[in-house]
Amino acid sequence: MAQDICVGMSQPRGGKQMALIYVVEDDRSIQEIETFALTGAGFQVRGFDRAADFLCALDQEKPDLVLLDIMLPDRDGLAVVQKLRSSRDTMLLPVIMVTAKTAEIDKVKGLDMGADDYLTKPFGVMELISRVKAILRRSQGGRGEGRLTLGEIMMDQERHAVTVGKQACELTYKEYELLKLLMKNAGIVLTRDVILEQVWGSSFEGESRTLDMHIKTLRQKLGDQGGMIRTVRNVGYVIENRMG
């Protein structure tokens with residue numbers, strides 16, 4: 001089985017510069033349009049036709065955001081997202097998935113795998129730029145955060161890890177983001193719309209049953225501490241320490 005070999009990598013950026021975006025798209029015409037639009041908006045851009053080339057480039061230089069096509073010639077885009085989220089080095093790397101698929105289930109799969117947003121072809125240049133800027137604002141605003149504690153739940157945001165008591169609690173990317181939002185707003189009732197906007201992004205058009213499913217699995221994984229997540233009927237959810 002042939003191994004991927006990285007060649008011809010550019011030198012790392014020096015100092016603090018404009019955001020670097022990796023565009024992973026095998027359709028050259030679409031890749032050129034995305035590159036032209038993003039460059040015109042002031043971003044640095046590198047394009048890749050194959051997932052293997054993109055993954056090799058990550059070893060040389062981490063971008064600030066990735067535009068990732070879901071259908072690539074050498075690897076499924078969903079599998080690429082899963083790989084990114086399973087690595088400590090890239091688990092927080094912002095990813096916007098781009099695809100021609102329009103079925104709701106495909107969007108849900110991408111978002112649940114850990115994608116931060118979803119663009120469906122064809123899309124407008126202004127929409128692309130707006131989505132990219134929104135994700136960058138959100139991701140950059142979360143850097144340098146420390147620990148969150150409530151009851152026996154401890155979230156280490158630097159390590160992207162959650163423990164309940166002294167036991168590690170393995171969460172999916174979306175479960176982690178959902179718990180973080182609730183813990184940051186402990187004692188405050190968050191509406192369903194606010195949660196969907198903050199965790200799934202404004203592009204998420206699915207019904208809120210996806211939120212209910214994630215709340216259910218999150219409660220189960222938190223064990224006894226899951227009872228701190230309370231449903232506020234016809235409004236949303238709140239987490240509060242009623243045990244201590």
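In this text the structure is predicted, and so the values were computed from the model without any measurement.
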Side chains of [X] and [Y]: closer than 4.5 Å at any heavy-atom pair?
X	Y	result
Thr163	Gln167	no
Tyr173	Leu84	no
Ile135	Pro94	yes
Val98	Phe123	yes
Asp89	Lys62	yes
Phe36	Gln31	no
Ile129	Val132	no
Lys166	Glu152	no

Can you tell me how far the [atom1] atom of [X] sits from the [atom2] atom of [Y], to the nearest 0.5 Å?
X	Y	atom1	atom2	answer
Lys133	Leu65	NZ	CG	13.0 Å
Leu128	Ile33	CG	CD1	10.5 Å
Met213	Lys174	CE	NZ	11.5 Å
Glu240	Asn185	CD	CG	12.5 Å
Asp27	Leu72	CG	CG	11.5 Å
Lys216	Thr231	NZ	OG1	12.0 Å

message = Students often mix this up, so state it plainly: with edges at 30° and 60°, are the rings of Tyr22 and Phe54 parallel, tilted or perpendicular?
response =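 Because their plane-to-plane angle is over 60°, the rings of Tyr22 and Phe54 count as perpendicular.
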For [X] and [Y], which heavy atoms make the closest approach, and how far apart are they?
X	Y	result
Gly187	Val238	C-CG2, 3.6 Å
Asp26	Pro73	CB-CD, 3.6 Å
Arg50	Val24	O-CG1, 4.3 Å
Arg219	Gly226	CG-O, 3.4 Å
His214	Thr217	O-OG1, 3.1 Å
Ile70	Met97	CG1-CE, 3.8 Å

Side-chain ion pair, [X] and [Y], N-O less than 4.0 Å:
X	Y	result
Lys121	Glu25	yes
Lys221	Glu170	no
Lys180	Glu177	yes
Asp49	Arg28	yes
Arg46	Asp64	no

Under a 3.5 Å distance rule, please check whether [X] uses its side chain to pair with a backbone N or O of [Y] as donor and acceptor.
X	Y	value
Arg85	Gly114	yes
Ser86	Lys83	yes
Thr90	Leu93	no
Ser130	Met126	no
Arg131	Tyr118	yes

With a 4.5 Å cut-off on side-chain heavy-atom distances among I, L, V, M, F, W and Y, is there a chain of contacts connecting [X] to [Y]?
X	Y	result
Val125	Phe43	yes
Ile188	Leu150	yes
Val80	Met91	no
Leu67	Leu136	yes
Val164	Ile239	yes

message = Pair Asp212, Ile215 - check side chain to side chain contact (heavy atoms under 4.5 Å, CB included), show working.
response = CA-CA 5 Å; Asp212 297 331; Ile215 289 289; 5.6 Å; no
inquiry  = How about CD on Gln220, more than 12 heavy atoms from neighbouring residues, nucleotides or ligands closer than 6.0 Å, or not?
reply    =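 Above 12, so yes.
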inquiry  = Within a 6.0 Å radius of atom CD on Gln82, are there more than 12 heavy atoms belonging to other residues, nucleotides or ligands?
reply    =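 Counting other residues, nucleotides and ligands, CD of Gln82 stays at 12 neighbours or fewer.
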message = Checking side-chain contact (heavy atoms from CB on, under 4.5 Å) between Glu34 and each of Val23, Ile21, Val45, which is the one that passes?
response =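 Per the side-chain contact (heavy atoms from CB on, under 4.5 Å) rule, the option paired with Glu34 is Val23, out of Val23, Ile21, Val45.
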Side chain to side chain contact (heavy atoms under 4.5 Å, CB included) assessment of Leu68 paired with Ile96 = CA-CA 6 Å; Leu68 177 64; Ile96 298 179; over 6 Å; no
inquiry  = If only side-chain N and O atoms count, and only distance matters, is there a donor-acceptor pair under 3.5 Å linking Thr191 with Asp193?
reply    =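 Result is no, nothing qualifies.
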request  = Applying side chain to side chain contact (heavy atoms under 4.5 Å, CB included), run through Ile153 and Met183 and close with a yes or a no.
outcome  = CA-CA 9 Å; Ile153 304 172; Met183 290 182 70; 3.8 Å; yes
message = Quick one, His160 with Met155, criterion side chain to side chain contact (heavy atoms under 4.5 Å, CB included). Give me CA distance, side-chain angles, the key distance, then yes/no.
response = CA-CA 7 Å; His160 204 264; Met155 174 177 285; over 6 Å; no
